[in-house]
Structures are given as C-alpha cells and as structure tokens.
Trainee: 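Take a look at the following structure, please.
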Amino acid sequence: MTGQVRTVDGRVAGRRGQATRQKLLDCLSEMLSSSPYRDVKVIDVARKAGTSPATFYQYFPDVEGAVLEIAEEMAKEGAGLTELVSGRSWVGKAGWATSEELVEGFLDFWRKNDAILRVVDLGAAEGDKRFYKIRMKILNSVTNSLTDTVKELQAKGKVDKDVSPAAMAGSLVAMLAAVASHQKGFQTWGVKQTELRPNLALLVHLGITGKKPTK
C-alpha cells in the first residue's frame, strides 16, 4: 500500500498500525467470500483479525467504509484490464488471439474478485454513487480501449462507418460483465468453461470486426 495511511481521526498510522489495518481488510475480504455482505459485523471482523472493535473503528467508520477501501484497491487492479485491448491487433489470427485473451483476462479477474464485485454490483444497483463509480472505473478500462479500437478499424475501412464505436464497445463490455458474474450459472445449463470462453470470444470478435475469426 503506497502513501500515508491515516486513522479515522486523521493521525498517520505507523508500520504496526498499517499492518493491523491491512489484516482487518484481509479478514473482511475473506468473510465476504463466505458470508452475505449485510451479515458481516464489525465485531466479527475484529475477532477474526485478533483485535477489538475499537481498533477497527480507528481505521474505518464502519464495515461499508472498509468494503469501499477493498473495492478501490480492486478497481486499481482492474484498470490493468486495458492492456488486454490497448495496442492489440484485430486482424487475422492475431485478432482471434486478442479476443480470446480479452475474454480470459476479464473472466479471470471477475472470478478472482467475485466476492467484492458482488458487493459493488449490489451497491451500484441500489443507487450508491460510490459503488457505481468503482464499477464504471473497472468497465471503462476496457470500454474506452475497445471504443478506440473500433474507431481505428473504421479509419482503415475495416469496420462499417454506421457502427457506433462507443455503443458497440459498451454493449460488448456489458455482456462480458454479465457473463462474468454468471459463470457458475452456466453450469446449470450444461455449459462448461471450456465451451463458454471460446463462444464468448467469438461474439467479441464478431462485434469488433464484423467478421468470423481466422483461427
């Protein structure tokens, strides 16, 4: 964690305090993986971290405040998703590889951060602007790069001018997010991960290039 870490009352936390604060966040993250967000209480987080509720309140105003900290860190990591698209080729076999890697990277990120993303989605759906901004920060990292990709392909005459770059990119990223959050649900439809990912990559490739991929 970079920069100065401060307590709720504005004091700069020392090394030991920073370690305690991080342990509280780690324990909260672990609890979110196995318990509904609304059921997580300060006293339970503190107990799991081997400290007291009073110590928790030195660093966070409440559970929601701590969850937002975790979500912000996750969003910073999510900004790296842009590397799956930025500067990549969408022509020939390279284009198919780009589609596959985008789907792999996006779904893996979602699965890795499943617990906190469920809380972010819940908060955003309930109209909490703080969670909405975090969700959009993650999605924008891919949407903006895909928008630029479609514009570049249009400039080269490879994509129809009638296609709206932002609408196409936004639709594909919204689809990726919906599928990513529903990965376990596909199993009930008899769809394996090994089937889901290449078919999702096919849709992405068709959306961006308008063509069947060269494999």
Side-chain angles (χ1 to χ4, degrees), residues 2 70-121 124-125 131-215:
T2 58
I70 297 170
E72 286 285 4
E73 285 299 314
M74 180 265 302
K76 290 176 185 175
E77 181 188 341
L81 291 171
T82 188
E83 295 173 9
L84 297 169
V85 181
S86 185
R88 303 292 299 273
S89 172
W90 287 86
V91 178
K93 290 184 178 180
W96 174 240
T98 299
S99 299
E100 285 188 306
E101 287 167 25
L102 171 56
V103 168
E104 290 280 340
F106 199 98
L107 265 58
D108 286 347
F109 172 80
W110 223 266
R111 176 165 284 193
K112 175 187 173 185
N113 297 287
D114 177 63
I116 189 66
L117 280 163
R118 274 190 278 111
V119 179
V120 169
D121 283 349
F131 285 113
Y132 175 78
K133 285 180 180 177
I134 289 171
R135 189 174 196 277
M136 291 307 295
K137 186 175 181 180
I138 297 165
L139 299 185
N140 284 345
S141 65
V142 180
T143 305
N144 293 340
S145 292
L146 278 182
T147 299
D148 291 339
T149 294
V150 177
K151 287 178 180 178
E152 290 166 11
L153 290 171
Q154 283 180 323
K156 295 175 182 177
K158 295 182 180 296
V159 169
D160 198 299
K161 293 288 185 183
D162 290 338
V163 173
S164 165
M168 180 59 74
S171 297
L172 289 173
V173 172
M175 175 186 71
L176 284 171
V179 171
S181 63
H182 193 67
Q183 289 184 71
K184 292 178 182 176
F186 277 91
Q187 295 173 7
T188 64
W189 296 336
V191 178
K192 300 175 183 175
Q193 282 289 318
T194 52
E195 297 169 323
L196 173 62
R197 297 190 176 207
N199 280 281
L200 192 55
L202 174 60
L203 288 172
V204 170
H205 191 280
L206 286 169
I208 294 297
T209 68
K211 299 175 182 176
K212 286 184 65 176
T214 303
K215 300 182 183 180

Trainee: By side chain to side chain contact (heavy atoms under 4.5 Å, CB included), which residues pair with T149, not counting sequence neighbours?
Mentor: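 Testing T149 for side chain to side chain contact (heavy atoms under 4.5 Å, CB included), a comparison that skips the adjacent residues, returns V85, W90, L153, I208.
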Trainee: Counting heavy atoms not belonging to Q193, are there more than 12 under 6.0 Å from its CD?
Mentor: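 Yes, CD of Q193 has more than 12 neighbouring heavy atoms, counting only those of other groups under 6.0 Å.
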Trainee: Please give me the minimum heavy-atom distance between A71 and I134, naming the atom from each residue.
Mentor: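 Answer, listing the atom of A71 first, then I134: CB-CD1, 3.6 Å.
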Trainee: Run the side-chain contact (heavy atoms from CB on, under 4.5 Å) check on E72 and K133 step by step: do they pass?
Mentor: CA-CA 10 Å; E72 286 285 4; K133 285 180 180 177; over 6 Å; no
Trainee: Starting at NZ of K215, measure out to NE2 of H205 and round the result to the nearest 0.5 Å.
Mentor: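 Here the rounded value is 10.0 Å.
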Trainee: Any carboxylate oxygen within less than 4.0 angstrom of a Lys/Arg side-chain nitrogen, looking at R118 and D114?
Mentor: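 Salt bridge flag = yes for D114 with R118.
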Trainee: Could you state the interatomic distance from CG (L81) to CG (L176), rounded to the nearest 0.5 Å?
Mentor: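 Answer for the CG-CG pair, L81 versus L176, is 10.0 Å.
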Trainee: Would you confirm whether S141, through its side chain, and I138, through its main-chain N or O, come within 3.5 Å as a donor-acceptor pair?
Mentor: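 Side chain of S141 to backbone of I138, a donor-acceptor pair under 3.5 Å: yes, one is there.
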Trainee: Does S86 use its side chain to pair, donor to acceptor, with the backbone of S145 at less than 3.5 Å?
Mentor: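 No.
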Trainee: Nearest heavy-atom pair of G105 and L84: which atoms, and what distance?
Mentor: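 Minimum heavy-atom contact is CA-CD1, 3.7 Å.
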Trainee: Can you see which heavy atom on T147 is nearest to which on A169, and at what distance?
Mentor: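 Smallest heavy-atom distance, with atoms named: OG1-CB, 3.3 Å.
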Trainee: Between L102 and R88, is the side-chain contact (heavy atoms from CB on, under 4.5 Å) condition met? List the steps.
Mentor: CA-CA 10 Å; L102 171 56; R88 303 292 299 273; over 6 Å; no
Trainee: Please round to the nearest 0.5 Å and tell me the distance separating atom CZ of F106 and atom CG of L200.
Mentor: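 Answer for the CZ-CG pair, F106 versus L200, is 9.5 Å.
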Trainee: Measure the spacing between CD of E104 and CZ of R197 and express it to the nearest 0.5 Å.
Mentor: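 Rounded to the nearest 0.5 Å, the CD-CZ separation comes out at 4.5 Å.
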Trainee: Around atom NZ of K192, are there more than 12 heavy atoms of other residues, nucleotides or ligands at under 6.0 Å?
Mentor: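 At most 12 heavy atoms, drawn from other residues, nucleotides or ligands, come within 6.0 Å of this atom.
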Trainee: For V173 versus L146, what's the shortest heavy-atom pair and its separation?
Mentor: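 In terms of heavy atoms, the two residues are closest at CG2-CD1, 3.9 Å.
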Trainee: Tell me if a side-chain donor or acceptor on Q183 pairs with a main-chain N or O of A180 at a distance below 3.5 Å.
Mentor: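 Yes; judged by distance alone, with no hydrogens or angles, the pair exists.
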Trainee: Tell me the closest heavy-atom pair linking K158 and K211, and the distance in Å.
Mentor: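 Reported closest heavy-atom pair: O-CE, 4.4 Å.
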Trainee: Please enumerate all residues that pass ring pair (Phe, Tyr, Trp, His ring centres under 6.0 Å) together with W96, with sequence neighbours excluded.
Mentor: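 For W96, no residue satisfies ring pair (Phe, Tyr, Trp, His ring centres under 6.0 Å) once neighbours in sequence are set aside.
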Trainee: Could you state the interatomic distance from NE2 (H182) to OG1 (T188), rounded to the nearest 0.5 Å?
Mentor: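 The distance works out to 5.5 Å.
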Trainee: Locate the shortest heavy-atom distance separating K137 from A75; write the atom from each residue and the value.
Mentor: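 Smallest interatomic distance, heavy atoms only, reads CD-CB, 4.0 Å.
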Trainee: From S164 OG over to Q154 CD, what is the distance, rounded to the nearest 0.5 angstrom?
Mentor: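 Nearest 0.5 Å value for the OG-CD distance: 8.0 Å.
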